[in-house]
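Just below is one structure, and these are the notes that go with it.
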Amino acid sequence: MPDLLFNLFAVFTVACALGVVFNRNAIASALCLLLCLVGVAGLFALLDAMLLAFVLVFVYAGAVVALFLFIIMLLDAQGGTRRAFGKLAVAAGALAAGLLATGVILLSGSLGPAGSVPLPPPDPSLLNLGETAELLFTLYLLPVEVVGFLLLIAMLGVIVLSKRFAGLEDIK
Amino acid sequence: MADFYFHLPALLRFVLQGTAVILVLFPLAAACSMAERKISAWMQNRPGPNRTIAPFLAWIPGMGVLKRLGLFQLAADGGKFTFKEDPVPGHVNKFYFILAPIISMIPALTTVAVVPFGAYVTVIEGQQVLMPIMLAQVDVGLLAVFAVSSLGVYSIILAGWASNSKYPFLGSVRASAQLISYELSMTLSVLPVFLWINAPGGAGTLSLLEVVQMQSGVGLQWDSVWFVFTMPVSAFVFLVALFAETNRQPFDMPESEADLVGGFHTEYGAFKWSLFFVAEYCHMIVGSGVFVLLFLGGWNPLPGLPLHLLADWMHIMDKPLLMGLLGIGIFLGKVAAFIFFFMWVRWTLPRFRYDQVMAIGWKKLLPLAIANLIFYALAIAWIETKA
């Protein structure tokens, strides 16, 4: 049963991710991104990481993609008329992909099939909310603070860049 | 009967349980639309729908009372939505136009899975344990409700965009801005409740069952009374945000028929329109349920009088079925009262302007929620260190 669900969510996620890239319509791309995030959340849920799954849905699927859609609709983004890739770029891309594929096949062939190694059972204390919160406030405090600070800078940057200040008077 | 049920395969049992809950929620949402018409009529001193009746029923004496209550109007409305021609305007983006009402139903019917709506006592290893009645017991309870219900905005955005005309588009742009703005205050407003129920050193939980357990004190003790008394500001902020999140007046900017014709559903008719309608009422019912669980004591009948005490008096502690039904009845009664409150507000207050909605959300409600959170964090820390 979990295997079946894993295959289902994995195929679904990859298909939606391809949809994001290949759709010509920006709105359809954003909706594919939404489905892709839901698929990833499903994979997290299969790993018993309920908190991560629902936070992903809440923050990314619930708010961030909604903002994407909002911006796309507000700017009425249409596809450009210019062809995205020239002939040279397509040829180079195909060459690179071919080389990569050969490398992977050769490497996996020489190493032999790895088989599916069962993971050790997860530490139950890491699954509960209190432990996660404690880790965020002790071991990972610095990364959390740094990321928060970066987001703050980005937000201030958006305000400064999007508003045109004529002089110091406008800032007050 | 019960033995037969518990011997069914687990998957089939889950499907049956889910279907049963949807079969209750869906007609409840439909009944809400009827209640809305009757209550608005009552407030405006007019009779409301009172003439519909099937011809063959009209011959039965005593049916006049039901007719004047407008009960048959519900069936007539349902029939009309189902059988009316369902036009698709020529200028719309067909695929997304049809997809939008379908998507609107998904979060509306999914959120109910993690909402407990009753409890019964069972004996496990000689100890009496209170078991919740709910579809899926997850540790992240309320977060799951918020996460899934936040997906509700997509149906509105999609409907407005796919309609390919001016007013629906304005409605959907408004909806996306409004829903995101009020989600912040809503989440911040419930944090004090979870600060209080998660004692330091505990496992930590966001489960709604635990919230109700904390409100089940016997007698009027200040630390186990309903949270609406101890955290009134949280309850108020949550209430206002709930109105905004469910697009109810005075916050129904996406619809706003005075300036946007019909808002995001202007181009919709018949069955597709009714799906939006039912989804909105489902959101209202689930939202009211969450408010009742968080601040109004869930299935406990009165402050200081928990369910198990009442069940003890009625001698039904050892009958899980009766006790469960009693709990569900009390819970649904509170939800119904709360939905009446929703309608009362709708037919009393005028709609805000859009700039007022944004100003309330960002300049009033959000600072209030943050100040409230800081105040309770300090107060709870002080109480914990003193105790």
Side-chain angles (χ1 to χ4, degrees), chain A residues 1-2 4-5 19 23-35 37-38 40-42 44-46 48-77 124-137, chain B residues 9-11 93 95-96 99-100 103 106-107 110 114 136-158 160-162 168-170 172-181 183-184 186-187 194-195 198-207 210 245:
Chain A
M1 187 73 180
L4 177 73
L5 284 177
N23 254 314
R24 285 179 171 272
N25 185 337
I27 300 262
S29 275
L31 288 173
C32 280
L33 180 62
L34 172 69
L35 290 179
L37 287 169
V38 172
V40 175
F44 279 139
L46 281 182
D48 273 340
M50 281 303 195
L51 181 67
L52 212 52
F54 280 112
V55 167
L56 188 76
V57 172
F58 189 30
V59 176
Y60 284 92
V64 172
V65 179
L67 280 178
F68 282 5
L69 279 176
F70 183 75
I71 302 293
I72 294 170
M73 280 154 67
L74 212 60
L75 298 180
D76 197 17
S125 71
L126 286 180
L127 294 177
N128 85 36
L129 218 55
E131 296 288 333
T132 315
E134 195 164 336
L135 281 180
L136 281 182
F137 276 98
Chain B
L11 197 64
N93 197 331
F95 177 70
Y96 296 104
L99 191 65
I103 289 186
I106 296 173
T110 314
V114 289
Q137 199 170 357
V138 285
D139 192 36
V140 289
L142 189 65
L143 190 65
V145 177
F146 281 169
V148 178
S149 72
S150 72
L151 297 180
V153 65
Y154 290 105
S155 72
I156 298 180
I157 295 183
L158 216 54
W161 175 74
F169 182 70
L170 284 174
S172 73
V173 170
R174 283 180 177 189
S176 51
Q178 175 186 330
L179 293 188
I180 290 175
S181 312
E183 235 163 47
L184 279 173
M186 194 176 211
T187 318
F194 289 97
L195 277 183
N198 286 312
T205 179
L206 289 173
S207 145
E210 291 295 318
E245 289 286 311

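Reminder, nothing fancy here: chain letters follow the sequence lines and each chain counts from 1.
Side-chain contact between A/Val40 and A/Tyr60 is absent, with no heavy atoms from C-beta onward closer than 4.5 Å. Using a 4.5 Å cut-off on side-chain heavy atoms (C-beta onward), A/Leu69 and B/Ser176 make no contact. The shortest side-chain heavy-atom distance between B/Ile180 and A/Leu67 falls under the 4.5 Å cut-off.
Looking at B/Phe146, the atoms closer than 4.5 Å to chain A (heavy atoms on both sides) sit in the backbone and in the side chain alike. Both the backbone and the side chain of A/Ala28 come within less than 4.5 Å of a heavy atom in chain B. With a threshold of 4.5 angstrom between heavy atoms, B/Leu179 does not approach chain A through any atom at all. Proximity to chain A (any heavy atom under 4.5 Å) is shown, for B/Ser149, by neither the backbone nor the side chain. Both the backbone and the side chain of B/Ile157 have a heavy atom closer than 4.5 Å to some heavy atom of chain A. Proximity to chain A (any heavy atom under 4.5 Å) is shown, for B/Val173, by both the backbone and the side chain. Of the atoms belonging to B/Phe95, not a single heavy atom falls under 4.5 Å from chain A.
For the options B/Pro107, B/Gly152, B/Ala144, heavy-atom pairs under 4.5 Å to chain A are most numerous at B/Ala144.
To the nearest 0.5 angstrom, A/Leu34 atom CG is 12.5 Å from A/Ser29 atom OG.
Tested against A/Val65, the residues A/Leu35, A/Leu31, A/Leu37 include a single side chain to side chain contact (heavy atoms under 4.5 Å, CB included) partner, A/Leu37.
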### Query
Would B/Leu142 and B/Phe194 count as a side chain to side chain contact (heavy atoms under 4.5 Å, CB included) if you check the C-alpha gap in whole Å, the side-chain angles of each, and the deciding distance to 0.1 Å?
CA-CA 10 Å; B/Leu142 189 65; B/Phe194 289 97; 3.4 Å; yes
